[in-house]
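Reminder, nothing fancy here: chain letters follow the sequence lines and each chain counts from 1. These numbers were taken from a predicted model, which means no experiment stands behind them.
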There are 4 protein chains.
Amino acid sequence: MPKLGMEPVRKSALIDAAIAEIGRTGSLDVTVSQIAKKAGMSSALAHHYFGSKDQIFLAAMRHILRIFGAEVRGALSMADTPRQRLAAIVRASFSPRNFQPEVISAWLNFYVQAQTSEAAARLLQLYQRRLHSNLVHDLRGLGVATPGPVAEGIAALIDGVYIRQALRGRAVDPGAAMTMVTRYLDLEVGKI
Amino acid sequence: MPKLGMEPVRKSALIDAAIAEIGRTGSLDVTVSQIAKKAGMSSALAHHYFGSKDQIFLAAMRHILRIFGAEVRGALSMADTPRQRLAAIVRASFSPRNFQPEVISAWLNFYVQAQTSEAAARLLQLYQRRLHSNLVHDLRGLGVATPGPVAEGIAALIDGVYIRQALRGRAVDPGAAMTMVTRYLDLEVGKI
Amino acid sequence: MPKLGMEPVRKSALIDAAIAEIGRTGSLDVTVSQIAKKAGMSSALAHHYFGSKDQIFLAAMRHILRIFGAEVRGALSMADTPRQRLAAIVRASFSPRNFQPEVISAWLNFYVQAQTSEAAARLLQLYQRRLHSNLVHDLRGLGVATPGPVAEGIAALIDGVYIRQALRGRAVDPGAAMTMVTRYLDLEVGKI
Amino acid sequence: MPKLGMEPVRKSALIDAAIAEIGRTGSLDVTVSQIAKKAGMSSALAHHYFGSKDQIFLAAMRHILRIFGAEVRGALSMADTPRQRLAAIVRASFSPRNFQPEVISAWLNFYVQAQTSEAAARLLQLYQRRLHSNLVHDLRGLGVATPGPVAEGIAALIDGVYIRQALRGRAVDPGAAMTMVTRYLDLEVGKI
DNA sequence: AATGAATGAGGATTCATTCAT
DNA sequence: GATGAATGAATCCTCATTCAT
């Protein structure tokens, strides 16, 4: 029963399915058929809408990064002081929507894909640059002398916590993860 | 004229080749043939010695972790105080032998493989537990009240620095990387 | 707003597009979508009008042969003597409308299709028989003793010139082509 | 029961199979699997030896042209006068080895492929140039004033006879075909 | 009349792995 | 010990064709 305007619906379903499958298997060795099946359609249709497997992956990455960005913006909008803004960024990084096993696993795999795919690398760099600039801005607002390296450290710590979470079976503890980064932040800029 | 006692030589060559190829391509999508070719033998021989592709990867991981372990032990052997020991661990993590593009890339890929392979996961967990216990031991020696979380933080930061390095094209800066972790360490335990 | 009586318009557009695409790519590996797109419609509509890809090809062949036939009839209508009629047939074969790269290429491909498709073979045989009978009729009118073989020779030469033209990049020289056949004709029946 | 030195054997079998299959179906729409099966091996092995379907086709073309060239050289070696040499070339063109349904059909298809494949075009042009130069040389030796166009005519006629033969079901008549070209030759240069 | 939606079938190509020599 | 030979099983992708709207 074909309907009109299915493109966005299908694309969205495929993106979700891709993230889910990558997360489930913990690897990029996911076939288009698997993804399509999970999304409830034939692999041919997946190709029809995305053109290639790479494009599906890229779209999935874009989706994850977009959600992340939205989450950060949302958190920032409710923060007033630089210190609150920093906390907001950290909080957003470990929000339930981002910090769940499948997304974390997909995230790790996208890091790997970025080593192969130019487009994936650009996407990831874009996100990193934004995060970095946000962090630097607020660190400077707090009078931190060397905001660059400190921002780097925070970002690295977040990534490190993510990657380690990916290994730790399935039980995810966002609280502990957030605490770890907050603790570092406190040391660098002082408690709020 | 087949020589005797070739087994260790062949195996070693294959392990080096595997790490090199994974590092070069930045992915686990490396064929046994590529690895064998780089190691100067037929893929059939590679299978003869390792039994399967997974075993080659596993051996390569073991190799990297063994080198890492040796590096750490070597550095520790020259350290006297807990503070020096901590610094030694960090230094070893970013030693030239470990912190080079191809090894970093292989490392990242092994993290991914650990999501699929039980054996790989165990290997990585073993290394992490050792690192963790080392860190905790020396942090406690310095009178740190909560050595567990702090050790977690240091380990996560190291991993984070590694993973970010993997993205940053080819230019690796071990100095800056080490500084980043040392800075955190200083904040947590005070300057040496 | 769907218009009435679109069928002939659509069909004609599809036939032209088919010939153009086959000529452009120089092969029968042309998708219905390509043809339909070039004709400005969806591939579904192409199927609606023709039923199948084969039917589109067949219609395109019929179209080319019909044009050719018309061209020949037109030329013949202005010829009075058998000798003039023969010259007219040759001239028509290399008329600008027939002897252009894309048509030549399509022609060659139709020869190939005739090996697979019974219908295509019949179509081509029909055209050949007509040409043959025309030639024989006029050769006999000129007193040629063995009109059959001579007609065969002329037809083969025309085909040969066509096929060779298909290979020679894009620059088509109808003049030289025609001269080649006329020369043979002159040898067989004497100058006009 | 794998043996050594199979490569040439396999390659040769694949080439024969390719020609046979192309000839049998009368089209290039032949799958590698079909070819491989006919050659008695898996399609994977076919790819192993040739790398790609195109390479198989190209090798098949090369094979046909090589045989043709050998046939011509053989015939020429037994000819003394220019007139005899010309006759030899024509005879070779319709030798039983060349002028059989499957080879003819393959030949026609290679003409088509030459429109798509640069390599195929080069191969065919090479053969044509050689034939042309042979013809011109001997025509000149016979005192023909315009050897170029005449050579063109002979070559075109040969091609035309071939292509028409491809259409005429399966019954091949090399005698009639040869007669047709010889007749043209006689007209141009006089009987031997 | 026209099309977006949808898919089954198929095809080139790759690759880990096995085996006979 | 070492390898060329060989393949089954995937996997990506394409395409003619159908169908509901």
(request) Would you please name every residue forming a ring pair (Phe, Tyr, Trp, His ring centres under 6.0 Å) with A:Tyr49, sequence neighbours left out? (result) none
(message) Under the salt bridge (Lys or Arg N to Asp or Glu O under 4.0 Å) definition, can you give me all pairs with a residue in residues 40-65 of chain A, not counting sequence neighbours?
(response) none
Quiz: residues 27-38 of chain A side-chain donor-acceptor pairs under 3.5 angstrom, not counting sequence neighbours:
{"unit_1": "A:Ser27", "atom_1": "OG", "unit_2": "A:Asp29", "atom_2": "N", "d": "2.7"}
{"unit_1": "A:Thr31", "atom_1": "OG1", "unit_2": "A:Ser33", "atom_2": "N", "d": "3.4"}
{"unit_1": "A:Thr31", "atom_1": "OG1", "unit_2": "A:Gln34", "atom_2": "N", "d": "2.9"}

For [X] and [N], what is the distance between atoms [atom1] and [atom2] respectively, to the nearest whole Å?
{"X": "B:Lys37", "N": "E:dC15", "atom1": "NZ", "atom2": "C1'", "result": "15 Å"}
{"X": "D:Glu7", "N": "F:dA6", "atom1": "CD", "atom2": "C1'", "result": "14 Å"}
{"X": "B:Phe50", "N": "E:dT18", "atom1": "CZ", "atom2": "C1'", "result": "19 Å"}
{"X": "A:Leu14", "N": "E:dA5", "atom1": "CG", "atom2": "P", "result": "13 Å"}
{"X": "D:Leu28", "N": "E:dA12", "atom1": "CG", "atom2": "C1'", "result": "15 Å"}

(request) Apply side chain to side chain contact (heavy atoms under 4.5 Å, CB included) to C:Gln55 and list each qualifying residue two or more places apart in sequence or on a separate chain. (result) C:Phe50, C:Ser52, C:Leu58
(message) Under the rule for side chain to side chain contact (heavy atoms under 4.5 Å, CB included), what residues qualify as partners of C:Leu126, not counting sequence neighbours?
(response)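 Per chain and number, C:Leu126 pairs via side chain to side chain contact (heavy atoms under 4.5 Å, CB included) with C:Arg130.
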Extract all donor-acceptor atom pairs below 3.5 Å that involve side chains of residues 11-23 of chain C and protein atoms in other chains or at least two apart in sequence.
{"unit_1": "C:Glu21", "atom_1": "OE1", "unit_2": "C:Arg24", "atom_2": "NH2", "d": "2.7"}
{"unit_1": "C:Glu21", "atom_1": "OE2", "unit_2": "C:Arg24", "atom_2": "NE", "d": "3.1"}

(request) Measure up the B:Phe68 and B:Trp107 rings against each other and bin them: parallel (under 30°), tilted (30 to 60°), perpendicular (over 60°). (result)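 Tilted: the ring planes of B:Phe68 and B:Trp107 meet at 30° to 60°.
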(message) Only Watson-Crick and G-U wobble pairs, only distances under 3.5 Å, only runs of 3 or more: what stems does that leave for DNA chain E?
(response) E:2-21 with F:2-21
(request) Applying salt bridge (charged side-chain N to carboxylate O under 4.0 Å, His left out), name anything that partners D:Arg122, two or more places apart in sequence or on another chain. (result)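 Testing D:Arg122 for salt bridge (charged side-chain N to carboxylate O under 4.0 Å, His left out), a comparison that skips the adjacent residues, returns D:Glu118.
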(request) Identify whether any heavy atom of B:Tyr49 sits under 4.0 Å from a base atom; if not, whether one sits that close to sugar-phosphate; answer base, sugar-phosphate or nothing. (result)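 Sugar-phosphate contact only.
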(message) What does the B/S/- profile of nucleotides 7-13 of chain F look like, 5' to 3', with a 4.0 Å heavy-atom cutoff to protein?
(response) BB--SSB
